[in-house]
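Okay, so here's the structure we're looking at.
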Amino acid sequence: MATLSTTLVIGASLAYLATLFAIAWWGDRRAESGRSVIASPWVYALSIAVYCTAWTYFGSVGRASTEGIWFLPIYLGPTLAMILAWLVVRKMVRIAKTHRITSIADFIASRYGKSPAIAGLVTLITVIGIVPYIALQLKAISAAYQLLTEGSLVASSAVDPAWWQDSTFYLALALAGFIILFGTRRLDMTERHEGMVAAIAFESVVKLVAFLAVGLFVTFWLFSGPADLFAQAMTVESLAGLMRFDHGGSGHVHAQWFALVLLAGLAFLFLPRQFQVMVVENVDEDHIKKASWIFPLYLLLINLFVIPIALAGLLIFTGGQADPDLFVLSLPLSEGMAAMALLVFIGGLSAATGMVIVEAIAVSTMICNDLVMPALLRMRRFQARIRGDLTGLIKGIRRLAIVALLLLGYLYFHLAGEAYALVSIGLISFAAVAQFAPAALAGLYWKGGTANGVLAGLSAGFLLWAYTLMLPSLARSGWMSADFIEHGLLGISLLRPEALLGLEGLDGLTHSLFWSLLLNTALFVTVSLSQRPNAREASQALLFVDALQNTGAREPVFWQGRADIDALTALGRRFLGSASTDSLLREHARATGAHSVDQMPADARLVQAVETRLAGAIGSASARSMVASVVDEEPLELDDVLRILEEASQLRAYSQALEEKSRSLEQATQELQAANQRLKSLDRLKDDFMSSVTHELRTPLTSIRALAEMMRDEPDMPGDQRQQFLGILVAESERLSRLVGQVLDLARIEAGHADWNHSDVDLAEVIEQATGSLARPFADKGVALALDLKPVPTVRADADRLVQVVLNLLSNALRVVPAKTGQVRIQLRQNEGLVTVKVSDNGPGLHPDDQAEVFDKFRQVGDRQQRQGGTGLGLPISRQIIEHFGGRIWVRSQPGQGATFGFDLPLSGENH
């Protein structure tokens with residue numbers, strides 16, 4: 001089996017960590033310049049993939065090697081949880097952003113009256129439960145490093161090296177340094193760690209690519225594809241059994257499967273690192289929608305080759321020659337594929353470091369805000385010295401917590417890590433975190449929960465978890481006697497930790513999860529129902545449960561008393577620094593309409609603003625305590641909560657009424673503006689019409705007057721010239737009469753006073769009559785007129801009016817076509833209950849903008865020559881006539897390609 005030099009492996013590992021460092025630095029620089037690299041649902045979904053740790057990378061193959069498809073529930077749980085993400089996670093994100101919540105401990109404590117006791121208990125459970133998980137990552141990297149450099153197929157050597165000689169110890173310190181550099185630079189933990197998130201998203205890509213690479217190598221290099229691999233595995237009876245649902249489970253297969261799915265789903269929601277990336281680091285709630293399918297897709301891809309790798313390892317390494325947890329490394333090494341093995345190792349390092357980085361940041365914040373700071377603030381000696389800026393102290397505490405957490409993980413790895421497979425260690429941590437579920441989920445949807453109920457339930461659930469799962473793991477590691485596992489505490493068989501109260505047949509994990517969650521939930525509900533929530537709990541319940549209903553509205557402030565701006569300013573500067581505090585005060589002054597900070601009132605909203613900003617730095621419980629120490633707060637009763645809520649409801653209703661009135665006024669203003677524009681347009685059209693009509697009236701009148709004066713002044717005018725002048729006078733009079741008639745006709749039609757003579761009309765006769773009337777003008781201009789008339793049924797209409805329409809359309813066509821070469825074609829067709837008449841010409845056509853206006857009153861489109869001889873009333877009159885008979889008039893044209901005017905009329909009996 002091939003091996004790699006220690007220098008190469010360490011160098012590659014350091015180069016990879018340096019790459020993470022560079023990405024994180026780049027992400028922070030981009031964020032500072034206002035160009036976020038994480039404002040993407042893909043980056044958000046990839047950061048959530050920090051769920052896939054060394055457990056996924058190494059442990060899933062190990063579990064599949066012994067229990068077949070039983071590795072799947074750990075990924076089905078998160079997949080099902082993401083289906084509900086828009087309901088649950090979105091609400092958590094909304095609450096966290098509104099109240100500047102920094103961690104899962106802060107979230108639960110804030111919901112139940114900002115209880116310091118709850119925050120401390122959740123943090124304690126987290127630390128105890130998460131240390132084995134960190135140990136899991138260190139164990140995976142240590143074992144992989146040893147296999148890669150020593151070629152040993154055994155996960156660990158017979159003699160453990162001293163701690164100062166153990167590379168895992170230095171890995172833990174290196175990770176601690178990286179986390180300190182990029183996870184504790186900001187005091188306000190609600191400010192996004194964009195560089196860290198970018199690095200985690202990159203790590204998710206690296207581990208996916210590496211795992212897919214080794215999967216493809218195993219399936220298509222070592223074997224001839226999945227069919228060949230599975231065919232060989234099915235010939236081995238022990239391997240064929242791995243594919244059965246009931247393989248590897250206890251007698252209660254379905255119960256165990258359900259327990260694993262539930263456990264994974266709850267852990268996915270409430271693990272500190274998942275809360276950090278899903279809730280605290282969320283940029284946009286809408287990203288949750290895409291992540292709800294991107295993340296399950298990621299889980300599918302990274303688990304695609306788990307079974308093939310497990311089967312290949314069992315086929316190649318018979319007789320237990322290799323640790324199944326390390327098959328992903330052993331298989332490439334066995335074929336001398338050193339480069340592939342190094343890539344796989346970097347992928348595993350990525351999976352482990354990603355988890356440790358985010359987990360350490362989240363848990364160190366909880367330790368600082370909910371354990372250390374509350375303890376310090378209760379010390380009188382410390383209180384006497386907190387007059388200065390404490391931001392450096394808070395950062396220092398978080399950094400020490402990170403180092404301590406990594407060292408605790410290393411210690412657990414050394415003392416107990418070898419006793420369990422990777423998956424078993426992870427499941428212990430999952431079960432601890434699952435204890436947060438009853439309080440957290442109920443707190444989102446039930447207003448009756450109380451802090452005492454949470455404390456009772458959490459304490460009982462945690463103690464049962466420790467007794468039924470944690471202590472047996474320590475006993476099997478040799479830390480303590482294992483007698484109590486077989487005989488029960490004090491020799492009482494009913495108290496056996498893996499068969500509590502005689503419940504047997506379940507595996508240890510399912511058994512522990514059942515009892516701990518049962519007692520946790522039962523006590524939480526029972527204690528909560530036995531007492532009414534106090535005012536603080538009731539007010540927080542309203543803010544949490546109704547979080548999604550308060551969109552766009554100012555939340556009520558459940559505080560009353562007296563406050564001093566100077567005291568609040570001094571408090572803010574101690575914990576936030578001068579710059580952040582001054583910025584907060586200026587923002588509040590602008591929000592209240594005050595001209596300066598000195599002029600704004602020290603009201604409840606200012607107190608809330610300071611407390612909320614402090615919560616981002618020291619947690620909601622500690623922020624609550626510190627604000628209470630500098631203000632004169634009056635205790636809230638339930639009646640006060642109801643009063644404040646009623647006032648807020650009234651203000652909200654008043655605000656909504658004002659917004660509605662404002663919207664109505666804005667809409668009315670827009671309508672008035674539109675009406676005004678229409679009036680202006682109509683006024684312009686009226687002016688144009690009056691000008692056109694005046695011009696049209698003046699032209700024949702001028703001709704009549706001039707000719708009449710000439711005939712009066714020249715009594716000796718020759719007879720033929722006099723006859724010519726008289727003919728012109730008659731033509732101009734007819735033109736004048738026609739113009740006046742059109743104006744009057746349009747007015748009568750629009751007023752509803754027109755005379756209509758309805759009868760069954762043959763449109764072919766109408767067309768022939770109209771074309772006969774215009775035959776001479778067409779011939780005089782040299783325009784060809786073609787008729788294409790198909791037999792159609794009659795229509796119910798006024799024949800004279802339809803002749804008028806056809807004459808208008810033909811006259812328009814005659815006016816625009818060129819002399820000598822002009823062509824006009826008129827068609828008659830029937831189509832689906834309609835009769836259609838079309839008049840097409842080869843004139844210049846119409847611009848699209850003109851087509852929309854050609855049927856409007858007073859409109860004349862085209863150039864001056866095309867408009868000559870028209871009044872702009874023929875087509876509007878035609879439209880009124882056609883629409884009166886239930887039809888539609890239209891135009892189709894391309895500039896330069898002629899135009900087609902037409903109208904559709906319903907057949908007799910179908911119009912109205």
Side-chain angles (χ1 to χ4, degrees), residues 41-52 56 72-99 101 103-104 107-108 110-111 122 204 254-255 257-303 358 362 430-431 433-449 454 457 461 513 517-518 520-521 524-525 541 543-551:
W42 288 92
V43 175
Y44 178 67
L46 288 172
S47 69
I48 296 175
V50 72
Y51 176 82
C52 299
T56 297
L72 285 176
I74 302 304
Y75 308 101
L76 290 177
T79 300
L80 294 176
M82 286 304 292
I83 295 176
L84 302 175
W86 188 245
L87 298 176
V88 179
V89 177
R90 179 170 65 109
K91 196 169 189 179
M92 295 167 68
V93 169
R94 180 77 58 83
I95 292 168
K97 287 183 178 179
T98 301
H99 302 283
I101 287 172
S103 65
I104 185 63
F107 184 85
I108 298 175
S110 182
R111 161 61 182 86
V122 172
S204 295
H254 295 90
W257 189 277
F258 172 78
L260 286 172
V261 172
L262 175 65
L263 177 63
L266 296 179
F268 173 74
L269 291 174
F270 303 116
L271 277 166
R273 70 174 186 276
Q274 296 303 131
F275 188 89
Q276 182 75 30
V277 295
M278 280 199 304
V279 178
V280 178
E281 304 291 347
N282 178 273
V283 176
D284 186 342
E285 289 180 8
D286 287 339
H287 291 173
I288 298 171
K289 290 181 180 179
K290 278 195 175 180
S292 64
W293 64 264
I294 296 175
F295 177 67
L297 175 63
Y298 184 95
L299 292 182
L300 172 65
L301 292 176
I302 204 167
N303 285 287
V358 183
F430 271 25
V433 173
Q435 303 307 314
F436 304 151
L441 291 177
L444 289 173
Y445 302 100
W446 182 40
K447 296 178 182 178
V454 174
L513 188 66
L517 282 183
L518 176 65
N520 184 338
T521 305
F524 166 61
V525 174
L543 296 177
F544 272 58
V545 176
D546 298 333
L548 296 181
Q549 282 71 44
N550 293 330
T551 303

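When reading the values below, keep in mind they use all heavy atoms of this one structure, side chains included, and skip hydrogens, waters and symmetry mates.
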### Message
Working note: Val545 + Leu444, criterion side-chain contact (heavy atoms from CB on, under 4.5 Å); need CA distance, chi angles, decisive distance, verdict.
### Response
CA-CA 5 Å; Val545 176; Leu444 289 173; over 6 Å; no
### Message
Under the criterion side-chain contact (heavy atoms from CB on, under 4.5 Å), I'd like the reasoning laid out for Phe258 against Leu262: C-alpha separation, chi angles, the key distance, then a yes or no.
### Response
CA-CA 6 Å; Phe258 172 78; Leu262 175 65; 4.2 Å; yes
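Across all their heavy atoms, Ala291 and Met82 have their closest contact at O-CE, 3.3 Å. In terms of heavy atoms, Asp546 sits closest to Lys447 at OD2-NZ, 3.3 Å. Across all non-hydrogen atoms, the minimal contact from Leu517 to Ala434 is CD2-O, 3.5 Å. Contact detail for Phe524 and Pro438: the closest heavy-atom pair is CE2-O, 3.8 Å.
Of the residues listed (Tyr44, Trp42, Phe268), the one engaging Phe295 in a ring-ring contact (aromatic ring centres under 6.0 Å, His included) is Phe268, and it is the only one. Partner Leu269 forms a side-chain contact (heavy atoms from CB on, under 4.5 Å) with one of Val89, Leu84, Ile104 and no other, that one being Val89. The side chain to side chain donor-acceptor pair (under 3.5 Å) test with Glu285 is passed by exactly one of Lys91, Arg90, Arg94, Lys97: Arg94. With Phe544 as the fixed residue, the ring-ring contact (aromatic ring centres under 6.0 Å, His included) test singles out one of Tyr445, Trp446, Phe107: Phe107.
No hydrogens or angles considered: a donor-acceptor pair under 3.5 Å links the side chains of Tyr75 and Thr56.
Arg273 places no side-chain N or O within 3.5 Å of a backbone atom of Val358 that could act as its donor or acceptor partner. For Asn282 (side chain) and Val93 (main-chain N/O), no donor-acceptor pair under 3.5 Å exists by modelled atom type. When atom types are taken as modelled, the side chain of Tyr298 and the backbone of Ser204 share a donor-acceptor pair closer than 3.5 angstrom. No donor-acceptor distance shorter than 3.5 angstrom exists from the side chain of Thr521 to the backbone of Leu518, with no hydrogens or angles considered.
By the 4.5 Å heavy-atom criterion applied to side chains, Ile288 and Met278 are not counted as neighbours. When side chains are defined from C-beta on, Tyr51 counts as touching Pro78, because their heavy atoms get closer than 4.5 Å. Counting only heavy atoms from C-beta outward, the side chains of Trp293 and Lys290 approach each other to under 4.5 Å. Residues Ile74 and Phe430 are in side-chain contact: their nearest non-hydrogen atoms beyond the backbone lie under 4.5 Å apart. Using a 4.5 Å heavy-atom threshold, the side chains of Val433 and Leu266 count as separate. Residues Leu441 and Phe270 have side chains in contact (heavy-atom distance under 4.5 Å, counting atoms from C-beta outward). Counting heavy atoms from C-beta outward, Leu80 and Val261 have side chains that approach closer than 4.5 Å. Taking 4.5 Å as the limit, some side-chain heavy atom of Leu299 sits within range of a side-chain heavy atom of Cys52.
In this structure, the separation between CG on Leu543 and NE2 on His99 is 4.5 Å, given to the nearest 0.5 Å. One finds the CG atom of Leu46 at 7.5 Å from the CD1 atom of Ile294 (value rounded to the nearest 0.5 Å). For the atom pair Leu297 CG and Ser292 OG, the distance stands at 11.5 Å (nearest 0.5 Å).
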